[in-house]
There are 4 protein chains.
Amino acid sequence: MYAIRNKVQLIGNLGQLPEIRTTENGKKVARFSIATNDTYRNSKGERITETSWHNVIAWGKLAEIAEKFLTKGREVAVAGKLVHRHYTDKNGIKRYVTEVVLNELLLLGGGKPQTEYVEQEEDALTEA
Amino acid sequence: MYAIRNKVQLIGNLGQLPEIRTTENGKKVARFSIATNDTYRNSKGERITETSWHNVIAWGKLAEIAEKFLTKGREVAVAGKLVHRHYTDKNGIKRYVTEVVLNELLLLGGGKPQTEYVEQEEDALTEA
Amino acid sequence: MYAIRNKVQLIGNLGQLPEIRTTENGKKVARFSIATNDTYRNSKGERITETSWHNVIAWGKLAEIAEKFLTKGREVAVAGKLVHRHYTDKNGIKRYVTEVVLNELLLLGGGKPQTEYVEQEEDALTEA
Amino acid sequence: MYAIRNKVQLIGNLGQLPEIRTTENGKKVARFSIATNDTYRNSKGERITETSWHNVIAWGKLAEIAEKFLTKGREVAVAGKLVHRHYTDKNGIKRYVTEVVLNELLLLGGGKPQTEYVEQEEDALTEA
DNA sequence: TTTT
DNA sequence: TTTT
């Protein structure tokens with residue numbers, strides 16, 4: 001609710017198509033990862049690029065938008081909150097997962113989606 | 001460098017005093033965790049408060065500020081970037097860690113620090 | 001809708017009590033100004049503090065929260081969007097106004113509100 | 001200094017080429033305006049798009065980047081702070097101006113700049 | 001582990 | 001796993 005307390009924003013590119021699942025009660029979930037690049041010069045004056053991969057997750061309408069518009073390599077801006085989960089894996093080892101749960105998804109760089117049908121969806125997207 | 005690409009902001013309270021270490025080359029590192037509270041009503045109309053604990057890390061001057069001013073429970077606003085690391089623990093299990101590496105630290109709620117000495121440090125803090 | 005496209009965040013203190021109005025259809029509007037301080041050293045090594053005053057406006061429920069909880073000097077964190085308006089003043093001169101229209105309001109520094117009644121309102125606040 | 005206290009972020013498109021000036025001491029200044037679009041449905045269910053134009057200003061290296069890479073219509077993400085100035089115009093009328101002073105400028109949507117020369121500059125850009 |  |  002209080003987005004100002006816990007806020008993450010990423011601008012980067014999708015590594016792969018989103019993975020889409022549907023919960024038992026029919027709600028869509030999209031998972032994908034976003035690469036953000038940080039470039040700087042090291043002490044020797046060499047240009048270094050470091051890429052971070054962030055796991056993001058979108059629910060409901062945002063997941064539907066992700067499913068319809070996101071393609072591999074697509075540039076996006078997202079905003080959401082940082083959440084931490086843990087679970088016990090099949091070997092009994094406790095695992096910790098950190099994800100960004102989206103509340104905004106913005107397609108950047110114009111690009112692909114141009115058919116009339118997609119335009120309609122773009123319209124839906126604007127509602128997000 | 002490009003903070004706009006990878007940005008995290010948290011406003012919350014410290015769980016404990018920061019842990020301070022010094023690297024071999026004399027640089028300070030501060031680690032601490034910040035609680036952010038999210039409250040909402042569930043489907044039964046009950047008020048639910050969920051607390052998330054975020055691991056944050058500050059280097060250099062920010063670590064020194066953290067060491068001098070941060071106390072258990074202190075309210076802070078921080079900004080930084082999301083970084084992901086992994087390491088192999090002593091049992092040979094690969095562990096993943098997500099941290100927020102700070103580039104801003106703001107003490108909220110006025111409060112304690114009032115001595116002349118501390119004022120000087122507050123001054124240093126303003127440089128951060 | 002797309003907050004990520006146009007986003008302002010301020011952390012600072014109220015200059016005065018909010019001014020509250022009610023529109024014809026009964027919606028509350030709160031206006032107030034927030035001071036943000038920027039301190040730095042100038043070329044002579046002198047510490048300079050510059051204060052900026054930002055006009056913010058809150059509608060509906062946020063205006064009600066502002067009315068009930070905001071006091072002169074209170075520390076707040078706000079998020080909203082930047083809007084620009086213009087009008088012609090009584091001398092026929094075109095005037096331009098820039099305001100921050102809030103969608104989040106966070107009371108910082110703990111403090112005053114403690115009575116049972118106010119607690120209830122805090123509750124409402126949490127909904128914001 | 002304390003960007004967290006006064007932060008503006010905009011993602012949108014340039015209305016025109018930046019205007020470039022150079023101060024007496026040789027520092028570049030770039031001014032341009034960015035359109036952000038907000039779309040929503042009104043009470044009649046009609047889709048409304050509102051465009052806001054924001055005046056932004058970049059100094060020094062950021063101004064040089066703006067000069068070299070920004071073109072009319074280009075999609076950008078910017079971050080900066082909100083500043084308010086006033087001056088008296090030639091008719092003796094006091095005028096108020098609000099601007100976003102940039103500290104980050106990110107070119108979105110890939111696109112144009114491809115020559116070797118420009119690549120070099122892109123390199124400079126990455127330093128920003 | 002915090003805080004309201 | 002992306003992109004510039």
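Chain letters run A, B, ... following the sequence lines, proteins first and then strands; every chain starts at 1.
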Between [atom2] of [N] and [atom1] of [X], the distance in whole Å:
X: B:I4; N: F:dT4; atom1: CD1; atom2: P; value: 18 Å
X: B:L107; N: E:dT3; atom1: CG; atom2: P; value: 16 Å
X: A:K72; N: F:dT4; atom1: NZ; atom2: P; value: 14 Å
X: A:E75; N: F:dT1; atom1: CD; atom2: P; value: 21 Å
X: B:N6; N: F:dT4; atom1: CG; atom2: C1'; value: 17 Å
X: C:L106; N: E:dT4; atom1: CG; atom2: P; value: 13 Å
X: D:L105; N: F:dT4; atom1: CG; atom2: P; value: 17 Å
X: B:L70; N: E:dT1; atom1: CG; atom2: P; value: 19 Å

Practice task
Taking side chain to side chain donor-acceptor pair (under 3.5 Å) as the test, write out the residues that go with A:N42, two or more places apart.
Solution key: A:E46
From [options], nucleotide with atom closest to [X] side chain:
X: A:N13; options: E:dT3, F:dT2, E:dT1; value: F:dT2
X: B:N37; options: F:dT2, E:dT1, E:dT3; value: E:dT3
X: A:A35; options: E:dT2, F:dT1, F:dT2; value: F:dT2
X: A:S33; options: E:dT1, F:dT1, F:dT2; value: F:dT1

Exercise for the section: Would you please determine if the base of E:dT1 is stacked by B:W53, with stacking meaning a centroid separation under 5.5 angstrom and planes under 30 degrees? Expected result: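 Taking the rule of under 5.5 Å and under 30°, the ring of B:W53 does stack on E:dT1.
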Problem - Among A:R5, A:K81, A:K7, salt bridge (charged side-chain N to carboxylate O under 4.0 Å, His left out) partner for B:D38 - result: A:K81
Exercise for the section: Assign A:T51 to base, sugar-phosphate, or nothing according to its heavy-atom contacts below 4.0 angstrom with the strands shown. Expected result: base
Exercise for the section: Return each pair, listed once, that meets salt bridge (Lys or Arg N to Asp or Glu O under 4.0 Å) where at least one residue sits in residues 87-97 of chain B; pairs must be two or more places apart or across chains. Expected result: B:D89-B:R95
Exercise for the section: With DNA chain F as reference, determine whether A:Q16 or A:T49 sits nearer its 5' end, using the nearest nucleotide of each. Expected result: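 With A:Q16 and A:T49 compared, the 5'-side residue is A:Q16.
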Handout entry: Pair A:E99 + A:R31: basic N to acidic O under 4.0 Å
Key = yes
Practice task
Please report the shortest heavy-atom distance between B:A35 and B:T51, naming the atom on each side.
Solution key: CB-CG2, 3.8 Å
